[in-house]
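Below: the structure, in structure tokens.
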Number of protein chains: 2
Amino acid sequence: MESRCENCIIRQFNSLRAMSKEELKSVSDSKITKSIKKGDALFEEGDKLNGVYCVRNGISKLSKLSANGKDQIVKLATKGEVLGQRSVIAEESTNLSAIAVQDMEVCFIPKESITNTLQKNPNFTLEVLRHMAHDLKEADDVIVNISQKTVKQRIAEAFLYLKNNFGEDEEGFLALTLSREDISNVVGTATESAIRIISEFKKKGLIHTSGKKIGIKNERKLMEMVEGF
Amino acid sequence: MESRCENCIIRQFNSLRAMSKEELKSVSDSKITKSIKKGDALFEEGDKLNGVYCVRNGISKLSKLSANGKDQIVKLATKGEVLGQRSVIAEESTNLSAIAVQDMEVCFIPKESITNTLQKNPNFTLEVLRHMAHDLKEADDVIVNISQKTVKQRIAEAFLYLKNNFGEDEEGFLALTLSREDISNVVGTATESAIRIISEFKKKGLIHTSGKKIGIKNERKLMEMVEGF
DNA sequence: TTCCGAACCTGACAATTGTCATAGAATCCC
DNA sequence: GGGATTCTATGACAATTGTCAGGTTCGGAA
């Protein structure tokens with residue numbers, strides 16, 4: 001495993017690429033590499049973060065607990081994404097929990113390295129800004145989807161999203177396997193409703209399953225369903 | 001009306017305050033002041049923006065059209081807010097429409113003034129970044145609310161939000177009067193459902209109405225309702 | 001003023017979704 | 001390997017929400 005940030009490929013995918021050699025060196029010297037097991041938390045809602053997490057491997061769900069005790073998953077973050085930025089930048093405690101849905105490898109970067117660079121390197125700041133602008137757009141899309149589409153449409157969309165963003169394994173199952181509960185927390189519905197709709201999709205030949213694993217059989221029909229046919 | 005950005009009080013409320021004297025001067029020289037009538041659009045979903053809009057007065061709804069033909073209002077923007085930033089920064093066409101819900105006065109600032117400053121003045125960039133971080137957090141909250149709360153709770157919350165953010169007039173009505181349709185588009189429900197719930201609130205003595213105008217009568221009960229009692 | 005259209009309101013009904021209860025299947029841990 | 005626990009699944013039912021179809025009221029224009 002490469003342990004110098006300067007040489008880390010992951011950097012290509014995130015805002016760290018806009019850092020200068022010296023800045024990267026300082027980040028590299030202060031970072032701490034951590035292994036996170038599936039189900040463990042990187043941080044939890046309300047925590048004050050002393051730094052950000054750069055994901056080298058694995059996938060994390062970012063979720064928020066609602067008053068009625070249900071989690072809403074707001075985003076799934078994978079290799080190359082930086083978590084906790086929003087909180088560090090706004091100097092607020094985080095509004096989301098980050099929990100591993102697969103074993104993960106992350107680098108913890110103390111916030112000083114980040115805030116120093118933010119104040120000195122406009123390219124880096126702009127790069128972070130662009131990323132956040134993108135996240136904001138995605139959040140807007142989620143709002144519209146969740147309020148205007150039926151649960152069925154949202155589940156169909158979630159499967160397509162999982163395929164497009166995380167791919168499939170050799171047997172044609174979605175590479176990212178989520179529990180039924182996680183799926184229902186992504187689309188914002190009751191677990192039983194999600195299960196029922198998954199069964200229905202299976203009966204209609206849109207998907208096939210094997211245990212928790214789900215594979216897409218008829219992508220076109222799923223897409224039509226998302227559009228409302 | 002003050003026409004030099006350097007002297008504009010609005011600037012105190014947004015990221016423009018982080019600009020240097022010279023930068024502000026250049027913005028001021030290139031800006032165009034516009035009056036927008038209630039119902040007219042500042043820009044529409046899909047437009048490529050050549051600049052941003054700084055709101056001097058009035059209120060705009062930011063909304064996105066969904067496949068089924070309904071608008072979802074994602075945010076209400078008022079005095080001091082800058083619209084179109086996200087799109088200019090990400091160099092994408094906008095994902096939202098901005099339509100005046102009251103007569104407005106705005107300053108159009110060509111994107112060059114903004115992008116130049118973004119590249120040169122890290123304080124400004126950081127300030128913009130902080131604002132966007134805040135918007136992103138709010139968007140996350142909206143996602144959780146919309147997916148986990150009932151329509152009734154969301155409407156109660158919307159009224160409290162309107163009171164806290166836009167205040168009340170002398171007679172105790174919400175200062176920002178929205179049509180029933182706009183209200184339903186804020187909470188993401190059918191217009192009829194919104195109307196029905198407004199009637200119910202009125203019967204229960206939680207609010208009082210006069211034409212389109214709505215006044216809050218029992219704030220405590222509304223708050224309890226939002227919490228789920 | 002009077003008319004017209006838009007906005008508001010209400011009822012009846014259907015569809016969607018959530019809740020509760022229960023049972024089987026898978027998984028984990030000793 | 002076996003028992004406990006968690007996850008998946010399904011039925012029955014209730015609650016919520018949307019849709020359609022009609023009204024009424026309001027505000028602006030002729």
Side-chain angles (χ1 to χ4, degrees), chain A residues 37-40 61 66-72 99 101-103 145-158 173-174 177-204 207-215 225 228-229, chain B residues 37-39 66-72 99 101 103 145-158 173 177-204 207-214 225-226 228-229:
Chain A
K37 285 212 191 96
K38 177 175 170 175
D40 286 352
K61 59 178 174 183
S66 70
N68 63 23
K70 278 188 192 160
D71 266 331
Q72 173 66 36
I99 296 172
V101 293
Q102 288 180 348
D103 289 352
N145 276 337
I146 229 166
S147 77
Q148 306 282 7
K149 290 188 176 154
T150 65
V151 174
K152 221 175 279 187
Q153 288 176 304
R154 271 139 55 199
I155 291 187
E157 190 161 46
F173 291 108
L174 293 172
T177 302
L178 293 174
S179 70
R180 303 296 194 250
E181 190 181 0
D182 279 340
I183 293 175
S184 68
N185 289 345
V186 167
V187 303
T189 190
T191 309
E192 295 95 323
S193 297
I195 289 176
R196 237 180 279 276
I197 288 169
I198 291 171
S199 299
E200 190 190 322
F201 283 5
K202 201 160 50 171
K203 270 185 207 134
K204 286 190 183 160
I207 59 174
H208 57 118
T209 67
S210 163
K212 281 184 212 281
K213 286 188 291 185
I214 290 175
M225 176 169 285
F229 298 108
Chain B
K37 286 214 190 95
K38 178 174 169 175
S66 71
N68 63 23
K70 278 188 191 158
D71 266 332
Q72 174 66 37
I99 296 172
V101 293
D103 288 353
N145 277 337
I146 230 168
S147 77
Q148 305 283 6
K149 290 188 175 152
T150 65
V151 174
K152 221 176 278 186
Q153 289 176 302
R154 270 140 55 200
I155 291 187
E157 190 161 46
F173 290 108
T177 302
L178 293 175
S179 70
R180 303 296 194 250
E181 190 180 1
D182 278 341
I183 293 176
S184 68
N185 288 344
V186 167
V187 302
T189 189
T191 309
E192 295 95 324
S193 297
I195 290 176
R196 236 182 280 275
I197 288 169
I198 290 171
S199 301
E200 190 191 322
F201 283 5
K202 202 160 51 173
K203 268 184 208 136
K204 287 190 183 161
I207 61 173
H208 57 118
T209 67
S210 164
K212 281 184 212 281
K213 286 188 290 185
I214 290 175
M225 177 170 285
V226 173
F229 297 109

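Fair warning: this is a prediction, and the values are worked out from it, not measured in the lab. Labels below follow one simple rule: chain letters A, B, ... track the order of the sequence lines, proteins then strands, and each chain is numbered from 1.
Distance from the side chain of B:Thr150 is smallest to D:dT17 among D:dG18, D:dT10, D:dT17. Here the nucleotide nearest the side chain of A:Ser193, chosen from C:dT17, D:dT17, C:dC8, is C:dT17. Side-chain proximity of A:Ser199 to the nucleotides C:dT17, C:dC9, D:dA9 is greatest for D:dA9. Among D:dT8, D:dG18, C:dC8, the nucleotide with an atom closest to any side-chain atom of A:Ser179 is D:dT8.
The NZ atom of A:Lys212 sits 13 Å away from the C1' atom of D:dA9 (whole-angstrom rounding). Distance CD (A:Glu181) to P (C:dG18): 14 Å, rounded to an integer number of Å. In this structure, B:Lys203 places its NZ atom 6 Å from P of C:dT10, rounding to the nearest Å. Nucleotide D:dA9 holds its C1' atom 11 Å from the CD1 atom of A:Ile198, rounded to whole Å. Atoms CZ (A:Arg196) and P (C:dT16) sit 14 Å apart, rounded to a whole Å. For the pair A:Glu192 CD and D:dG11 P, the interatomic distance rounds to 14 Å; values are reported in whole Å. Look at CD1 on A:Ile195: it is 14 Å from C1' on C:dT17, rounded to the nearest Å. Between the CD atom of A:Glu200 and the P atom of D:dT8 there is a distance of 19 Å, given to the nearest Å.
Using a 4.0 Å heavy-atom cutoff across all strands shown, B:Lys149 reaches no nucleic acid atom at all. Within 4.0 Å (heavy atoms only), A:Thr189 reaches sugar-phosphate atoms of the nucleic acid but no base atom.
Of all the heavy atoms in B:Ile183 and B:Leu178, the pair that sits closest is CG1-CB, 3.9 Å. In terms of heavy-atom proximity, A:Phe173 sits nearest to A:Thr209 at CE2-C, 4.1 Å. In terms of heavy atoms, A:Ile198 sits closest to A:Ile207 at O-CD1, 3.7 Å. In plain terms, the two heavy atoms of A:Asn185 and A:Gln72 that are nearest each other are O-NE2, 3.2 Å.
Between A:Lys202 and B:Lys152, the one whose closest nucleotide on DNA chain D sits nearer the 5' end is A:Lys202.
Put simply, the side chain of A:Phe201 does not reach to within 4.5 Å of the side chain of A:Ile214, judged on heavy atoms.
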